[in-house]
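See below for the structure under consideration.
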Amino acid sequence: MGADVAARWTRKDFVGIEALAPDELRFVLDEAKQQKEILLGRAELAWPLAGKTVLNLFVEPSTRTRIAFEMAAQKLGAAVINVDKDASSFTKGESLRDAARNLEALQADMIVIRHSSAGAAHYLSHILEVPVINGGDGAHEHPTQALLDVFTLLEHWGSLEGRCVTILGDILFSRVARSNIWALTKLGARVILAGPSTLVPEVFASFDENVTVTHDLQEALAPADAVMLLRIQHERQSSTHFPSLGEYTALFGLNQERLGWLKPDALIMHPGPINRGVELDDLLADSERSVVLQQVTNGVACRMAVLKLCYEASQEEAS
Amino acid sequence: MSSSIILKGGRILDPASGRDEVGDLFLHDGRIVARLSEAEAKNAEVFDATGKIVTPGLVDVHVHFREPGQTHKETIASGSRAAAAGGFTTVVAMPNTSPCCDSPATIRLMQSVIDRDALVRVLTTGTITLGMNGEQLAPAGSLKNAGVVALTDDGKCVQNNEIMRRAIEYAHMHGLPVLDHCQDYALSANGVMNEGEWSARLGLPGWPNAAEDIIVSRDVILSEYTGAHVHLQHISSANAVDIIRRAKARGVRISAEATPHHLALTDDCLRDYHPNFKMNPPLRTEADRLAVLQGLLDGTLDCVATDHAPHTRHEKNAEFDRTPFGIIGLETAFPIAHQIVVGEGGASLPFLIEAMTCKPARLLNLDAGTLREGAAADVCILDLAHTWTVERRTLQSKSANSPWRGQQLTGRAVATIVGGRWVWRDGAIVA
């Protein structure tokens, strides 16, 4: 990954990308590279988390992220327990704080939290002794997603310096977008945010000098070395923000015709799950340009890295 | 206990009567008197106020004492202790209790608790609408007979403009000001903090300035149209200040208040998602904060009011969007207001005291906020140099949800007198 990586990773928690120094980010990505070798059977399995239990506290439902974390934990030798929103304590009105502290008292060694409240991971990291890994907190951050996205791009390009990545879709409600804005800019890329004005407000340009906002799709696609599509939904929270999926697709959907606006070697990314025919054309999702499945595999490797590094950091803190 | 008190050698600062001089203030039988007889003076209790500021007891037109029905957060007893500790001798309690004060029966219940428990003067308000539902007028006439000094749906905001118009007209007939918490619900839906750069970073739904500005405009127009007095609570938006300024310039009967937290804090305080910075309306940008300060300094905003809103520890110790809005403010009001309005804003101390005594009192036609001869002996003794740390054990309120928790503040009411009786002295409540 490069010369100037940090000497070590010292954080017990992985709450967000925003607070990380670029070196820390590179360190985790470097570790992820090594974990990928193990994942694909090209290097020996080590069991850094042997005998440990990782607890997936998914108060907001998820399948793919949860399974990726489960896979990652198991590959490191840990046992995994899944607790989800329908778990009775939540329906009985137990607070997140109490639930989490109970899980810690049950001797969970690490907790992966996904929650609909922005700041939930941050909150838990302050009240728990064990490592807290953010699997997505409301619209705030989804840091392991950004890790795997950046990791995937680095596999193709070697470096993000000077590269241009367009993130297209609902930025306003997207934790994937926020984490990626931080990760991409910290590693030297410039970011174009594109979509309807109601979902991509100008305020996002204040995140970093290398972030721009546009509502013109052609302008957004032309310079992009990669375009990251975000899932568009027309649910309650965004139903006042644009009139219909049909209109969104007509204006911003990435289809065969608009593919021509992209550079010939530009990559197509999506965090999944894909709304085929809405934000991304069916055929394009499966095309050679699409790295969606690589992203998924890399997601396991990146989560292996995060789990391992945070666990080891917490042990150092404790000693 | 002597019925005469001499507060000796302090700087007597009473903006209502224009008095600002070092001297002795005489209290007798619960009233301010010009002098004491020889016998009275001989038996008087003498309090050395050298180096202190002797002002009328402070007046807060916006507090939540949570009784009846939410007494886990605060009671009239504990809230009045917090008021006393903050130098306040007259406070106006908001009606969003459980049940809310939409009936004279609830007001009478509150009044009986006030009569029994309150350490300072606690005045009541009635709601604008039944159940604060924004749909049907509450019985203003009966509420007035029960003793309310104003009507407000504070906590909520009447959205229907016809209802608001009729409520204002009807309250006007009864001589009751209407206090409004200005918030357009649709524009601020789900908003938990100011809409801006910080809400974008934190991934939290925003409550834009426009949602306050639109209702402020609505109220200005209705006040102008009906000739009635409407008082706008906790102004937080620069644009709202501007709208009020222009309305006052053409003589509209609008008044407004600013809270210490909107004078002092901005939305970047939410960077760690700490619920002690979550309130409604939210902390906004530096430009908004400065506009609110300027508004107070130039008289656009008439007074300081705390919006003292206690919540229990367990309620405020949770994921950000699950926590209730509001912070306590009675005990930190003076030092914060002094730091910002005088320290940063360059106003004089008399100006600040006026904004915390006779100006709020006049807005609601209250017999308070003055040390003129014959007035009730409601006195606040301030020590501008006194430093203290805001912590659970130094706070009188039942709740401790303050953004200044853990901080050292300078300036405090070191003694408070209500009706000639000490209620707060030497850092303790006087039973």
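Convention: sequence-line order gives letters A, B, ...; per-chain numbering from 1.
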For a ring-ring contact (aromatic ring centres under 6.0 Å, His included) check, start with the C-alpha distance between B:H62 and B:H64, then their side-chain angles and the critical distance, and finish with the verdict. CA-CA 7 Å; B:H62 193 154; B:H64 295 270; 5.4 Å; yes
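Inter-residue side-chain proximity for B:I327 and B:S402 is flagged as unmet; no heavy-atom pair is nearer than 4.5 Å. Between B:K398 and B:R66 the shortest side-chain heavy-atom distance does not fall below 4.5 Å.
Taking chain B as the reference chain and counting heavy-atom pairs below 4.5 Å, the highest number among A:A139, A:A118, A:G138 is found for A:A118. Interface check for chain B: of the options A:R97, A:H126, A:E141, the most heavy-atom pairs under 4.5 Å are formed by A:R97. Comparing B:L202, B:L204, B:N317 by how many heavy-atom pairs each has under 4.5 Å with chain A, the most go to B:N317.
A salt bridge links B:R289 with B:E286: at least one charged nitrogen is closer than 4.0 Å to a carboxylate oxygen. Salt-bridge formation is detected for the pair B:K73/B:E315: a Lys NZ or Arg NE/NH1/NH2 atom is positioned less than 4.0 Å from an Asp or Glu carboxylate oxygen.
In this structure, the portion of A:S116 lying under 4.5 Å from any heavy atom of chain B is its backbone and not its side chain. With a 4.5 angstrom heavy-atom cutoff, A:R175 does not touch chain B via any of its atoms.
Screening residues 195-214 of chain B for salt bridge (Lys or Arg N to Asp or Glu O under 4.0 Å) gives A:E18-B:R201 as the qualifying pairs, with residues at least two apart or on separate chains.
At a heavy-atom separation below 4.5 angstrom, chain B is approached by A:V203, A:F204, A:S206, A:F207 within residues 190-207 of chain A.
When only modelled atom types and interatomic distance are considered, B:T71 and B:E67 share no side-chain donor-acceptor pair under 3.5 Å.
The backbone N or O of B:T389 lies less than 3.5 Å from a partner atom in the side chain of B:T394, making a donor-acceptor pair.
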